[in-house]
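For the numbers below, each heavy atom of this structure counts, side chains included, while hydrogens, waters and symmetry mates do not. Only a predicted model underlies this, so the values are computations on that prediction, with no experimental measurement involved. Counting from 1, the numbers follow the sequence of the chain as shown.
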Amino acid sequence: MQNNSSLQRKMHTWISARHGDLADWSPYSGFSSEEDVPAMKHKHKTYLNQPHLRFEITSDDGFSVKANSIEVAWRAVIDGVLEARAGFHLKQLPLGVMNGPRVLGVVHDAVIFLLEQLQGAASCTRHRFRFHRCDDIEEALPLNPSGCARAEVYTRKTTFDMFNFLASQHRQLPDMSGPCDEEDDEFPLKASRRATSSELPMAMRFRHLEKLSKEAVGVYRSRIHGRGLFCKRNIEVGEMVIEYAGTVIRAVLTDKREKYYDSKGIGCYMFRIDDFDVVDATMQGNAARFINHSCEPNCYSRVINVDGRKHIVIFALRKIYRGEELTYDYKFPIEDESNKLQCNCGMRRCRRYLN
């Protein structure tokens, strides 16, 4: 009987967590047998003088086992069950598939999903996170010399940008269209397009421009520079697109206003009408101030005179399809190498610099 029981115990195969589908939990669950115990130099060696888990399994009939590994503790339970069943000549159960991590339930995705969110989970450097990566360590709170954060002087980390929301990645660009999609345009848009087309007098076209430009263009995130003006419907060549609106100031005040905006951390938007007047669109401008520069533009600017007043209007240089970004040439004066401004238009004939 003893030989038979011993033979059955030898036939019993213990499945180690390190060799199954539970490899992620082997450093925390111990080892299955004496043969699986690694050498002392193994990096997964658990030292008793370090914080560790201790497992204890007891039953009402007096069975008790204590171990530093759930694998060792569960191995003792299985051996006890096998010996008891062998003593009563009962059929052996396939307990080899049971192991420590499976008993604790940490092999289920739902449990792993919760465990990886626990406080201190980032300290488990040997665990391969599956659902919640803990690569970034939380920054320590800064020390306040006065003992209270509200008493400290607040300094901005970045330059203030009142139009930062326009470059949000959640604002979707208009769908791109091409020459084959011209029939998809709605009839009201075609009628409104005629009000700003080149067939009408300049003054009449300008009077309709303010209303019709809002349905033709919009500000969205741009690959050229933060944000840009994009076309929301097809625009014909020569059509008025938008007026560069703002406050008209004298040219001698531009340097003073630019220094003031720089001191406040506000981006400056100005467009010169002539040698005497400049349009300041920084605080009271419209969407035209966001048009970016391009070395191969699809628009151009022109100063027109309506009712004795000069206005800067953006015209379509070619046919512009829905979803395209509107650009024109800034035509900055050429400066030396120390004052060059990098061009990011990305066109084939890019001049590399704006000035």
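Looking at heavy atoms from C-beta onward, C268 lies in side-chain contact with M270 at the 4.5 angstrom threshold. Side chains of V278 and R250 form no contact here, defined as non-hydrogen atoms less than 4.5 Å apart. By the 4.5 Å heavy-atom criterion applied to side chains, E324 and N298 are counted as neighbours. Taking 4.5 Å as the limit, some side-chain heavy atom of M347 sits within range of a side-chain heavy atom of S294. Counting only heavy atoms from C-beta outward, the side chains of M240 and I235 never approach each other to under 4.5 Å. Annotation: side chain of T247 is not in contact with side chain of V279 (no heavy-atom distance under 4.5 Å). For the pair R257/D262, no side-chain contact is recorded, criterion being any heavy-atom separation below 4.5 Å from C-beta on.
Taking the six-membered ring for Trp and the full ring otherwise, the centers of F290 and Y269 sit less than 6.0 Å from each other. You'll find the ring centres of Y300 and F315 inside the 6.0 Å limit.
Residues passing the side-chain contact (heavy atoms from CB on, under 4.5 Å) test with R349, sequence neighbours excluded: E296. By the salt bridge (charged side-chain N to carboxylate O under 4.0 Å, His left out) test, D109 pairs with R130, sequence neighbours left out. Scored by the side-chain hydrogen bond (donor to acceptor under 3.5 Å, both in side chains) test, E335 finds no partners at all (sequence neighbours excluded). Every residue two or more places apart in sequence or in another chain was checked for a salt bridge (charged side-chain N to carboxylate O under 4.0 Å, His left out) with R302, and none qualifies. Under the side-chain hydrogen bond (donor to acceptor under 3.5 Å, both in side chains) criterion, Y330 pairs with no residue at all, not counting sequence neighbours. Contacts of D274 classified as salt bridge (charged side-chain N to carboxylate O under 4.0 Å, His left out), with partners at least two apart in sequence or in another chain: K310. For E325, the side-chain hydrogen bond (donor to acceptor under 3.5 Å, both in side chains) partners two or more places apart in sequence, or in a different chain, are S222, N292. A84 pairs by the side-chain contact (heavy atoms from CB on, under 4.5 Å) definition with nothing, not counting sequence neighbours. Residues meeting the side-chain hydrogen bond (donor to acceptor under 3.5 Å, both in side chains) test with T254, sequence neighbours left out: none. Shown here are the salt bridge (charged side-chain N to carboxylate O under 4.0 Å, His left out) partners of R223, two or more places apart in sequence or in another chain: there are none.
A distance of 13.5 Å separates CZ in R102 from CD1 in I70, rounded to the nearest 0.5 Å. In this structure, CD in E258 is found 9.0 Å from OG1 in T282, a value given to the nearest 0.5 Å. Atom CD1 of residue I78 and atom CD of residue E71 lie 9.0 Å apart, to the nearest 0.5 angstrom. Distance check: R75 CZ to S69 OG gives 11.5 Å after rounding to the nearest 0.5 Å. Here the straight-line distance linking atom CG of D277 with atom CD1 of I249 works out to 9.5 Å at 0.5 Å rounding. In this structure, CD1 in I312 is found 4.5 Å from CD1 in I273, a value given to the nearest 0.5 Å.
One finds no salt bridge joining R128 and E116 here, because no Lys/Arg side-chain nitrogen approaches an Asp/Glu carboxylate oxygen to under 4.0 Å. Using a cut-off of 4.0 Å between Lys/Arg side-chain N and Asp/Glu carboxylate O, K259 and D255 are scored as not salt-bridged. Contact check on E337 versus R352 returns no salt bridge, with no Lys/Arg side-chain nitrogen under 4.0 Å from an Asp/Glu carboxylate oxygen.
Among pairs with a residue in residues 58-67, none fulfils salt bridge (charged side-chain N to carboxylate O under 4.0 Å, His left out), at least two apart in sequence or across chains. Residue pairs meeting the ring pair (Phe, Tyr, Trp, His ring centres under 6.0 Å) criterion with at least one member in residues 225-260, sequence neighbours excluded: Y244-F271.
Looking at every heavy atom in both residues, A288 comes nearest to L229 through CA-CD2, 4.5 Å. Between A76 and V65, the shortest heavy-atom contact is CB-CG2, 3.7 Å. Taking every heavy atom of both residues into account, A121 and L115 meet most closely at CB-O, 4.0 Å. Of all heavy-atom pairs between C345 and C295, the closest is SG-N, 3.7 Å.
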Step-by-step side-chain contact (heavy atoms from CB on, under 4.5 Å) determination, V81 to Q92: CA-CA 9 Å; V81 173; Q92 295 295 338; over 6 Å; no
Please walk me through it: do V77 and F63 pass side-chain contact (heavy atoms from CB on, under 4.5 Å)? CA-CA 9 Å; V77 174; F63 177 83; 3.7 Å; yes
Under the criterion side-chain contact (heavy atoms from CB on, under 4.5 Å), I'd like the reasoning laid out for R351 against D329: C-alpha separation, chi angles, the key distance, then a yes or no. CA-CA 11 Å; R351 302 189 296 267; D329 193 345; 3.2 Å; yes
Show the numbers, then the answer: is there a salt bridge (charged side-chain N to carboxylate O under 4.0 Å, His left out) between E243 and R289? CA-CA 10 Å; E243 178 193 5; R289 70 185 116 175; over 6 Å; no
What verdict does the side-chain contact (heavy atoms from CB on, under 4.5 Å) test give for I242 and I291, after you've listed the backbone C-alpha separation in whole Å, the side-chain angles of each residue and the deciding distance to 0.1 Å? CA-CA 10 Å; I242 190 173; I291 302 179; 4.3 Å; yes
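The aromatic rings of H311 and F206 are tilted relative to each other, their planes meeting at an angle between 30° and 60°.
At a threshold of 4.5 Å between side-chain heavy atoms, the hydrophobic network of Ile, Leu, Val, Met, Phe, Trp and Tyr places V111 and L118 in one connected group. Linking Ile, Leu, Val, Met, Phe, Trp and Tyr residues whenever their side-chain heavy atoms come within less than 4.5 Å leaves L341 and Y353 in two separate clusters. The same ILVMFWY cluster, assembled from side-chain heavy atoms under 4.5 Å apart, contains both I314 and F332. Tracing side-chain contacts under 4.5 Å through hydrophobic residues (I, L, V, M, F, W, Y), one never reaches L317 starting from I224; they form parts of separate clusters.
Not one N or O on the side chain of K331 forms a donor-acceptor pair closer than 3.5 Å with the backbone of L354. The backbone N or O of K91 sits less than 3.5 Å from a side-chain atom of R85, completing a donor-acceptor pair.
Looking only at atom types and distance, the side chain of N68 has a donor-acceptor partner in the side chain of R54 under 3.5 Å away. Counted by atom type alone, Y261 and D280 present one or more donor-acceptor pairs between their side chains at under 3.5 Å.
Under the side chain to side chain contact (heavy atoms under 4.5 Å, CB included) rule, I320 has a single partner from L326, V237, T327, which is L326.
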